[in-house]
Engineer: 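Take a look at this one; I'll ask things after.
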Amino acid sequence: MTNVFDILEERGYIEQMTHPTEIKELFGKKSVPFYIGIDPTADSLHVGHFVSLMVASHMQKCGHKPIILVGGGTATIGDPSGKTDMRKMMTRETIDHNVACIKKQIEKFVSFEGENSAIIVNNADWLLDLNFVQFMRDIGSLFSVNKMLSAECYKQRLETGLTFFEMSYMLMQSYDFLHLYETYGCKLQMGGNDQWSNILGGVDLIRRIGKDDSYGLTFKLLTTKEGKKMGKTEKGALWLDSEKTSPYDFYQYWRNIEDESVETVLKLLTFLPIEKINELTSLKDEQINKAKKVAAFEITKLVHGEEEAKKAEEASNALFNGSGNLDNMPTVELGDNKNISIVDAIVLTGIAPSKGQARTLINQGGISLNDNKVSDINYLLSENDFADGYAILKKGKKVFYKLV
RNA sequence: GGGUAGGUGGCCGAGUGGCUAAAGGCGGCAGACUGUAAAUCUGUUCUCAUUUGAGUACGAUGGUUCGAAUCCAUCUCUGCCCA
């Protein structure tokens with residue numbers, strides 16, 4: 001069987017490792033239980049979790065056992081890494097709800113059946129019942145504050161203030177690893193590169209209690225070439241839930257990605273063979289759009305299924321190339337009253353959040369109806385605009401809505 | 001516990017009684033240029049009404065004043081220094 005290490009390395013997932021040679025050797029053996037943590041801060045996963053799930057999937061395909069840890073316990077604190085402010089605390093109920101929702105999305109990436117079936121664990125199950133004094137004596141005594149403070153992730157927070165509450169996040173995450181090590185024989189913790197110090201904490205903890213076969217590995221974070229996190233949109237995060245981010249918008253996000261990122265997303269977010277990817281990314285200038293189309297389709301297919309991906313692609317072709325059918329473009333039903341003002345229509349579709357902004361858009365020439373630029377802010381929609389049974393409202397070059 | 005500096009629009013950050021819906025930057029959106037890319041340039045960026053206008057907003061509450069983000073009181077949160 002292929003050593004998954006080679007796959008991860010070839011596709012460029014790996015950022016840092018605690019013990020490169022040992023890890024490679026470990027992967028060559030039979031089933032290795034490994035864990036990846038996910039914070040249930042919302043009722044859907046977003047692009048930030050995508051790479052983790054891809055890695056988990058690759059790992060499982062090569063015969064390893066994924067343990068998906070949802071941080072039901074730690075989410076009540078919030079990881080201070082890289083944050084400038086303390087996160088809002090969440091109630092147990094919302095967290096439980098989120099965990100249930102997230103579970104469904106994870107199922108698209110790893111299998112919960114068969115020999116190396118994935119399991120989902122919730123650290124609330126062991127963290128919430130801990131006895132504070134005992135925990136501090138057993139675990140807390142093994143952590144050096146000096147060392148923690150020198151970690152990059154805390155340095156930034158040191159300037160703006162950091163509570164002890166938040167600082168204990170590392171202890172808990174480390175304890176998670178220890179717990180999984182002891183109960184499932186989990187040898188490896190993986191996570192985004194922002195998790196490096198927390199992961200090191202866990203590896204260190206296990207070594208301090210006398211075991212030397214725990215390892216940590218982090219993977220690349222998806223960033224634009226300016227180093228910003230990828231997956232931010234005007235409406236916030238790019239969600240994996242079709243209710244929060246439609247498959248069409250999801251497709252469009254990847255379709256519009258900057259040239260420099262095509263190779264990265266193809267390697268990290270699709271299962272296309274590396275040869276195929278190299279072929280696509282060797283395209284230059286305008287031709288690179290072909291690679292973007294493939295990326296958008298493949299990535300959408302993974303998250304929303306082939307059918308939705310095809311629909312998104314069709315809608316995209318219809319709108320930008322003028323061919324194909326318009327059935328699958330985002331549609332807003334106006335009901336019986338079609339004679340509303342253009343401004344109301346814009347707000348109704350969510351193209352702009354307020355009437356004022358809708359007017360601004362019109363004044364700037366950013367709105368068109370059925371391919372005619374709208375210049376009158378008092379324009380009223382009429383039957384004529386629905387000549388084909390629908391009207392197409394367009395903001396800028398890329399945002400379309402069909403009105404029926 | 002004592003001292004001290006602060007809390008401004010999505011973020012950063014000016015602003016110390018009327019000219020402040022609040023400079024500047026970032027981010028967002030649109031226009032131009034393009035390849036549904038990047039970079040660049042221009043415009044725009046609280047809500048409602050658009051002609052002027054109105055409402056809400058500068059941690060919270062109350063007060064002084066013709067008039068407050070700006071002054072006073074109380075509360076609350078945060079940084080820093082001392083213990």
Side-chain angles (χ1 to χ4, degrees), chain A residues 80 82-89 154-167 223-238 248-266 280-297 299-300 312-324 329-330 341-344 346-369 371 373-380 392-401:
Chain A
K83 302 286 184 331
T84 45
D85 289 303
M86 186 155 141
R87 216 187 271 171
K88 284 197 184 76
M89 281 182 252
Y154 287 116
K155 265 184 191 160
Q156 195 191 346
R157 287 301 303 274
L158 235 36
E159 286 162 23
T160 56
L162 180 67
T163 62
F164 188 80
F165 188 55
E166 290 171 279
M167 209 163 162
T223 53
T224 63
K225 73 175 180 183
E226 280 99 25
K228 285 182 226 141
K229 273 191 186 174
M230 218 181 261
K232 298 272 185 209
T233 71
E234 59 198 289
K235 289 167 190 156
L238 193 67
Y248 173 77
D249 285 339
F250 191 82
Y251 177 94
Q252 279 299 317
Y253 181 86
W254 303 109
R255 176 64 188 80
N256 282 318
I257 207 157
E258 56 188 357
D259 290 3
E260 290 81 353
S261 300
V262 181
E263 184 174 354
T264 315
V265 301
L266 279 169
L280 285 168
T281 52
S282 64
L283 298 170
K284 289 279 178 293
D285 301 323
E286 194 177 340
Q287 294 297 308
I288 195 86
N289 280 318
K290 285 180 187 163
K292 291 187 190 179
K293 279 184 186 170
V294 174
F297 180 78
I299 295 169
T300 310
E313 189 175 48
E314 268 182 37
S316 175
N317 282 336
L319 292 169
F320 292 100
N321 305 332
S323 62
M329 70 184 286
S341 73
I342 185 77
V343 169
D344 284 333
I346 291 168
V347 174
L348 200 69
T349 51
I351 283 178
S354 72
K355 291 184 180 179
Q357 291 184 34
R359 289 191 194 95
T360 308
L361 275 169
I362 295 170
N363 285 332
Q364 296 191 326
I367 296 291
S368 58
L369 185 66
D371 267 339
K373 197 165 268 186
V374 178
S375 51
D376 177 12
I377 56 173
N378 295 314
Y379 186 80
L380 271 179
I392 290 178
L393 188 61
K394 181 175 159 193
K395 177 185 87 162
K397 279 166 252 174
K398 298 176 199 164
V399 184
F400 297 83
Y401 281 92

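Because only heavy atoms are used, hydrogens play no part in the values below, and waters and symmetry mates are left out as well, while side chains stay in. Letters A, B, ... are given to chains in the order of the sequence lines, protein chains preceding strands, and every chain is numbered from 1.
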Engineer: Using both distances under 3.5 Å as the test, list the Watson-Crick or G-U wobble partner of C33(B), or none.
Structural biologist: none
Engineer: Is there a donor-acceptor pair under 3.5 Å between the side chain of Lys292(A) and the backbone N or O of Ile257(A)?
Structural biologist: yes
Engineer: Ala358(A) and Val343(A): which non-hydrogen atoms are nearest, and at how many Å?
Structural biologist: CB-CG1, 4.0 Å
Engineer: What integer number of Å spans the P atoms of A37(B) and A32(B)?
Structural biologist: 12 Å
Engineer: Across the strands shown, which category fits Asp285(A) at heavy-atom distances under 4.0 angstrom: base, sugar-phosphate, nothing?
Structural biologist: base
Engineer: Holding to ring-ring contact (aromatic ring centres under 6.0 Å, His included), I want the full list of residues that pass it with Phe400(A), two or more places apart in sequence or in another chain.
Structural biologist: Phe320(A)
Engineer: Among Ile351(A), Ile367(A), Val374(A), Asp371(A), find the residue that satisfies the side-chain contact (heavy atoms from CB on, under 4.5 Å) test when tested with Lys394(A).
Structural biologist: Asp371(A)
Engineer: With a 4.0 Å cut-off on heavy atoms, is Ser316(A) in touch with a base, just the backbone sugar-phosphate, or nothing at all?
Structural biologist: base
Engineer: Answer with yes or no whether Lys355(A) presents, from its side chain, a donor or acceptor under 3.5 Å of a partner atom in the base of U50(B).
Structural biologist: no
Engineer: Can you tell me how far P of G28(B) sits from NZ of Lys395(A), to the nearest Å?
Structural biologist: 12 Å
Engineer: Could you give the distance separating G28(B) and G10(B) at their C1' atoms, to the nearest angstrom?
Structural biologist: 9 Å
Engineer: May I ask you to decide if Asp344(A)'s main-chain N or O and Ser341(A)'s side chain share a donor-acceptor pair within less than 3.5 Å?
Structural biologist: yes
Engineer: Below 3.5 Å between N/O atoms, which protein atoms pair up with nucleotides 42-46 of chain B? Just atom names and distances, please.
Structural biologist:
| residue | atom | partner | partner atom | Å |
| --- | --- | --- | --- | --- |
| G43(B) | O2' | Gln364(A) | NE2 | 3.3 |
| G43(B) | N2 | Gln364(A) | OE1 | 2.9 |
| G43(B) | N2 | Gln364(A) | NE2 | 3.4 |
| G43(B) | N3 | Gln364(A) | NE2 | 3.2 |
| U44(B) | O4' | Gln364(A) | NE2 | 2.9 |

Engineer: What closest approach, in Å, do Gly365(A) and Lys373(A) show between heavy atoms, and which atom pair accounts for it?
Structural biologist: O-CE, 3.4 Å
Engineer: Backbone N or O of Asn378(A) within a donor-acceptor pair of the Asp376(A) side chain at under 3.5 Å?
Structural biologist: yes
Engineer: With rounding to whole Å, what would you report as the distance between G67(B) and C19(B) at their P atoms?
Structural biologist: 15 Å
Engineer: What integer number of Å spans the C1' atoms of G43(B) and G17(B)?
Structural biologist: 34 Å
Engineer: Looking for any heavy atom pair under 4.0 Å, which part of the strands does Ile288(A) touch: base, sugar-phosphate only, or nothing?
Structural biologist: base
Engineer: Base, backbone or nothing for each nucleotide of nucleotides 76-83 of chain B, written B, S, -, heavy atoms under 4.0 angstrom, 5' to 3'?
Structural biologist: ---SS---
